[in-house]
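See structure below.
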4 protein chains.
Amino acid sequence: MLNKKELIYYAVIDLFKNKANINNIKISDIAKSANMGKGTVYEYFRSKDEIISETILYIIEENTNKITSMFNHNQDFKINMLNHIKILLELILENSKFHSIFMSGEMSSLFDQDYEHKLMNKIMETKKHYFQILKTILNKGVEENKFNKVLDPYIFNAIGNTIFTSIMYYIHECNDNLEVESFIEKVYNLILKMVK
Amino acid sequence: MLNKKELIYYAVIDLFKNKANINNIKISDIAKSANMGKGTVYEYFRSKDEIISETILYIIEENTNKITSMFNHNQDFKINMLNHIKILLELILENSKFHSIFMSGEMSSLFDQDYEHKLMNKIMETKKHYFQILKTILNKGVEENKFNKVLDPYIFNAIGNTIFTSIMYYIHECNDNLEVESFIEKVYNLILKMVK
Amino acid sequence: MLNKKELIYYAVIDLFKNKANINNIKISDIAKSANMGKGTVYEYFRSKDEIISETILYIIEENTNKITSMFNHNQDFKINMLNHIKILLELILENSKFHSIFMSGEMSSLFDQDYEHKLMNKIMETKKHYFQILKTILNKGVEENKFNKVLDPYIFNAIGNTIFTSIMYYIHECNDNLEVESFIEKVYNLILKMVK
Amino acid sequence: MLNKKELIYYAVIDLFKNKANINNIKISDIAKSANMGKGTVYEYFRSKDEIISETILYIIEENTNKITSMFNHNQDFKINMLNHIKILLELILENSKFHSIFMSGEMSSLFDQDYEHKLMNKIMETKKHYFQILKTILNKGVEENKFNKVLDPYIFNAIGNTIFTSIMYYIHECNDNLEVESFIEKVYNLILKMVK
DNA sequence: AATGAATGAGCGTTCATTCAT
DNA sequence: GATGAATGAACGCTCATTCAT
């Protein structure tokens with residue numbers, strides 16, 4: 001059972017998906033979508049900026065948890081990497097608009113200073129956490145002697161971005177009726193080349 | 001000497017850089033930044049949407065020209081690729097906020113239908129044109145027997161995105177005092193791995 | 001007790017009387033005159049055009065009802081005609097500016113197409129309805145053998161206009177301290193001549 | 001050959017005819033219609049209000065002259081009255097929008113106090129002058145023993161308004177394909193009844 | 001706790017008027 | 001004298017926020 005705050009989060013997430021852009025989301029839309037009065041929304045949040053930025057924090061938290069819990073120490077490098085790409089694909093498919101804003105880093109600029117700061121910190125922290133997961137997965141490959149330990153943070157970054165931009169390409173631009181599994185295999189192979 | 005329309009373009013570009021986000025740009029800001037009255041702005045554009053979208057078209061056009069004119073047939077693959085990365089770095093440094101919005105594809109949703117359509121077409125066309133340039137550069141490498149012809153559009157896309165995200169990483173996140181030249185060399189080496 | 005919509009109608013009617021012309025009425029005037037905020041006005045109407053045209057429809061409706069309910073089958077022709085002129089005098093006195101615009105037919109051109117159409121239809125319908133009342137009154141005179149049945153629509157029109165322009169003359173131009181009753185008697189006599 | 005001021009008058013008159021309402025006439029429209037620059041218009045008039053009100057004065061003057069010069073002492077009452085109605089019909093047909101505003105008396109309210117006053121005076125004076133003409137024509141009928149001298153200003157007023165509203169009826173509402181001559185004859189007959 | 005009617009600051013846009021050329 | 005580019009006051013409308021119920 002969702003509490004009121006979560007009802008509001010999901011209302012905003014819904015509007016993210018359907019409304020063209022974040023700036024056009026109105027409090028009245030959120031209230032209607034959450035099946036409550038406008039006044040009620042303000043019982044749980046102090047301002048629109050707070051609603052939007054906390055929703056973003058909520059999405060980030062949820063997604064990070066899903067990505068983290070996907071890793072399985074008992075599986076080998078390839079399985080873990082394929083699963084990682086798969087879960088990311090699912091999460092992005094569910095809310096691609098959100099993720100492209102998140103990745104572009106343009107999220108921060110939507111709010112007043114205080115919220116921007118809080119949000120930027122969360123994003124930084126999340127990225128660090130994400131690289132930790134990526135490192136854990138890649139270390140599996142090192143253990144399996146597939147390649148040498150990746151030390152350069154630049155490469156970590158490039159791999160992370162490649163996974164994301166590959167998914168965006170698959171969703172938005174890829175025209176050959178490529179099966180999901182083949183696509184994921186392709187990304188996996190490209191990553192292998194990058195770490196070699 | 002800039003004409004009034006260009007003065008307005010540069011005013012908007014300036015606000016892109018400094019103002020938090022596109023949606024917060026006000027006509028009064030543009031007018032002030034361009035040193036003219038609000039009414040004057042409307043002598044040259046019919047609406048705020050037109051101003052923003054035409055400014056974006058203007059930036060795209062300018063940047064595309066610079067990127068295109070950088071290629072030199074008489075130089076070898078490596079020189080051309082390094083120069084390509086360098087000019088992109090310069091252009092993005094000049095207006096990184098714009099580029100991250102452009103790359104995220106979130107630009108379109110800011111305007112009413114007509115402008116969105118026009119803009120999306122330009123972006124599509126620009127991406128195609130960009131891949132053409134990338135292909136031309138990569139073909140140099142093929143001629144030089146550095147690697148085999150790249151046929152998969154997925155790889156083109158991945159390379160293009162890697163260049164961009166690498167630059168964003170260099171600008172925003174890289175903490176080791178990495179020299180520009182070393183950075184560019186690093187990107188070059190990563191691309192080499194990707195096409196092998 | 002008036003509801004908000006009616007408060008707005010009466011605010012506009014008040015401004016009709018005092019403000020020079022319809023086109024100079026501002027939303028801020030209406031809001032102030034109705035003792036509410038500008039935003040509140042927009043809770044009840046979608047646009048200024050809607051406010052003005054619906055107010056006009058409201059006035060027409062109210063006036064038509066008063067004029068209609070004045071007719072009494074048990075009274076003779078003269079009494080009915082005198083009462084008819086009397087009620088018209090009262091209504092026009094209450095809002096002469098409105099009536100002269102209404103009669104001139106210049107009302108329609110104030111609004112965008114949709115409202116103009118709706119309003120024109122109402123005006124047409126109202127005029128037909130008015131001529132019906134006039135016919136009913138005149139038929140009393142025919143029953144009483146005062147004159148022959150009036151068949152020519154031109155004469156109907158002329159009588160209707162004569163009543164109106166006579167009243168405007170009495171209100172605005174008549175300088176002899178003519179008693180209302182004497183004036184009405186005068187109009188009555190003129191009408192009698194016209195139908196003979 | 002028209003001078004600049006007259007070019008502006010005729011530009012405004014043209015816009016009266018075609019534009020829905022007076023308030024929508026823009027200085028830029030007037031300038032374009034008069035084939036001159038906006039600045040030039042202001043060489044001849046001090047403000048938009050002055051342009052509109054002086055144009056109205058010009059139209060009134062022109063029309064009054066035409067109406068006055070129509071009267072012919074050597075013709076009998078009927079001929080003069082028929083000619084009078086005919087010339088009015090022509091003038092109103094030429095610019096019916098203007099005349100309905102003029103008759104409704106709503107003209108005055110378009111301007112600031114000073115112009116309103118000047119205009120109202122002209123209108124009053126014109127109406128007096130018009131009644132003088134009407135009286136002259138009616139006196140012909142008295143001379144010819146058609147009816148007794150009309151003394152009551154109310155009747156003058158009613159006759160004047162009947163002529164006008166009859167013409168408006170003929171132009172806008174009359175649906176039987178009534179010949180102009182028959183229509184004018186009808187109005188003449190109604191007037192005869194009114195003065196009897 | 002829940003509501004939604006009421007609000008007004010703030011924005012996009014228009015257009016009469018000015019003034020340098 | 002003739003011009004039209006430049007201007008900014010003013011208006012219609014939106015929407016985040018408040019508060020009485």
Side-chain angles (χ1 to χ4, degrees), chain A residues 3-4 7-8 23-32 34-52 111-112, chain B residues 3-5 7-8 23-32 34-52 112, chain C residues 3-5 7-8 23-32 34-52 112, chain D residues 3-4 7-8 23-32 34-52 111-112:
Chain A
N3 61 31
K4 285 264 153 80
L7 279 173
I8 293 167
N23 299 278
N24 286 343
I25 294 179
K26 289 162 212 156
I27 289 290
S28 58
D29 292 335
I30 295 171
K32 198 191 291 174
N35 277 314
M36 56 180 81
K38 262 188 296 174
T40 313
V41 174
Y42 278 88
E43 293 291 323
Y44 297 91
F45 296 93
R46 268 172 304 188
S47 71
K48 188 183 160 185
D49 271 7
E50 187 173 290
I51 296 170
I52 302 293
F111 317 105
D112 75 47
Chain B
N3 62 30
K4 281 271 151 69
K5 264 201 151 183
L7 278 174
I8 293 167
N23 299 277
N24 286 342
I25 294 179
K26 288 154 217 152
I27 287 291
S28 56
D29 293 335
I30 295 172
K32 200 189 290 174
N35 276 316
M36 53 180 83
K38 259 191 301 169
T40 311
V41 173
Y42 279 88
E43 294 288 322
Y44 298 91
F45 296 93
R46 268 172 308 198
S47 69
K48 189 184 153 182
D49 271 7
E50 187 172 290
I51 296 169
I52 302 293
D112 79 46
Chain C
N3 63 30
K4 282 270 151 70
K5 265 200 153 187
L7 278 173
I8 293 167
N23 299 277
N24 286 341
I25 294 179
K26 288 154 217 154
I27 288 291
S28 56
D29 292 335
I30 295 172
K32 199 189 292 174
N35 275 316
M36 54 180 80
K38 259 189 304 168
T40 310
V41 173
Y42 280 89
E43 294 288 322
Y44 298 90
F45 296 92
R46 269 172 307 198
S47 68
K48 188 184 154 183
D49 271 7
E50 187 172 291
I51 297 169
I52 302 294
D112 78 48
Chain D
N3 62 30
K4 285 264 151 80
L7 278 173
I8 293 167
N23 300 276
N24 286 342
I25 294 179
K26 291 162 212 154
I27 288 290
S28 57
D29 293 334
I30 295 172
K32 198 191 291 172
N35 277 314
M36 56 180 81
K38 260 188 298 174
T40 312
V41 173
Y42 278 88
E43 293 291 323
Y44 296 91
F45 297 93
R46 267 171 306 188
S47 70
K48 188 183 160 184
D49 271 7
E50 186 172 291
I51 296 168
I52 302 293
F111 318 104
D112 75 48

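Keep in mind it's a predicted model, so treat the numbers as computed, not measured. Note on naming: letters A, B, ... go to the chains in the order of the sequence lines (proteins, then strands), and numbering restarts at 1 for each one.
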Given pairs defined as Watson-Crick or G-U wobble with both distances under 3.5 Å, what dot-bracket annotation applies to DNA chain F, with ( ) intrastrand, [ ] crossing, | other strand and . unpaired? .||||||||||||||||||||
Please assess D:Ile27 against D:Tyr42 for the test side chain to side chain contact (heavy atoms under 4.5 Å, CB included), listing each intermediate value before the final yes or no. CA-CA 9 Å; D:Ile27 288 290; D:Tyr42 278 88; 3.8 Å; yes
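Among the atoms of the strands shown, none is found under 4.0 Å from any heavy atom of D:Ile51. Residue C:Ile27 is in sugar-phosphate contact alone, with no base atom involved, counting any heavy-atom pair closer than 4.0 Å across all strands shown.
Annotation: of the two residues near DNA chain E, B:Glu43 and C:Met36, the 5′-most nearest-nucleotide partner is C:Met36. In this structure, C:Tyr42 and B:Gly37 both approach DNA chain F, and ranking their closest nucleotides by distance from the 5' end singles out B:Gly37. Positionally, the nearest nucleotide of DNA chain F for D:Tyr44 lies more toward the 5' end than for the other of B:Thr40 and D:Tyr44.
At E:dC11, one or more side-chain N or O atoms of B:Lys26 fall inside 4.0 Å of OP1 or OP2 (strictly under the cut-off). Taking 4.0 angstrom as the limit, D:Lys4 places a side-chain polar atom (N or O) nearer than this to OP1 or OP2 of F:dA2. Within the structure, a side-chain polar atom (N or O) of C:Lys48 is placed less than 4.0 Å from OP1 or OP2 of F:dG12.
Proximity note for D:Lys38 (side chain, C-beta onward) versus F:dA16, F:dG8, F:dG4: the nearest is F:dG4.
Here the side chains of C:Ile25 and C:Ile30 are in contact, with some heavy-atom distance below 4.5 Å.
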